[in-house]
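Okay, structure first, notes after.
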Amino acid sequence: IKETYLKKIIFISRQYKLILNRPNLKVVFVQSFDGHYSLLCYLVKVKNLKLNLIEEGTATYQLEKKLEPPLYLKLF
């Protein structure tokens with residue numbers, strides 16, 4: 001993994017954690033689980049919050065490609 005890529009993922013992770021630490025947060029809605037959004041989904045599950053995926057029809061159906069770490073985390 002390139003160092004610049006890793007720095008971006010760490011930065012995004014910190015920002016998501018700040019958002020998820022808001023008081024009274026119980027439900028998170030996402031419109032994608034691709035790329036860095038998979039990190040958000042993972043952090044939501046770790047915090048035991050309710051996660052809802054809203055299909056807006058742009059690319060979520062394209063699951064024929066192989067999903068591999070680090071961008072895609074096994075959530076279930």
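All residue numbers in this chain count up from 1 along the given sequence. This structure is a prediction, so every number in the text was calculated from the model and none was measured.
- Here the straight-line distance linking atom CG of L43 with atom CD1 of I19 works out to 10.5 Å at 0.5 Å rounding.
- Residues forming a side-chain hydrogen bond (donor to acceptor under 3.5 Å, both in side chains) with K47 (at least two apart in sequence, or on another chain): N21.
- Here the SG atom belonging to C41 is positioned 4.5 Å from the CG atom belonging to L51, to the nearest 0.5 angstrom.
- N52 meets the side chain to side chain contact (heavy atoms under 4.5 Å, CB included) test with V27, F29, K50; sequence neighbours excluded.
- Residues that satisfy the side-chain hydrogen bond (donor to acceptor under 3.5 Å, both in side chains) test with K7, not counting sequence neighbours, are E3.
- Sorted by first and then second residue, the salt bridge (Lys or Arg N to Asp or Glu O under 4.0 Å) pairs involving residues 12-23 (not counting sequence neighbours) form an empty list.
- For K8, the side chain to side chain contact (heavy atoms under 4.5 Å, CB included) test picks out no residue, with sequence neighbours left out.
- Taking CG of L20 as the start and CG of L40 as the end, the distance is 6.0 Å to the nearest 0.5 Å.
- Applying the side chain to side chain contact (heavy atoms under 4.5 Å, CB included) rule to V46 yields the partners Y42; only residues at least two apart in sequence or on another chain are considered.
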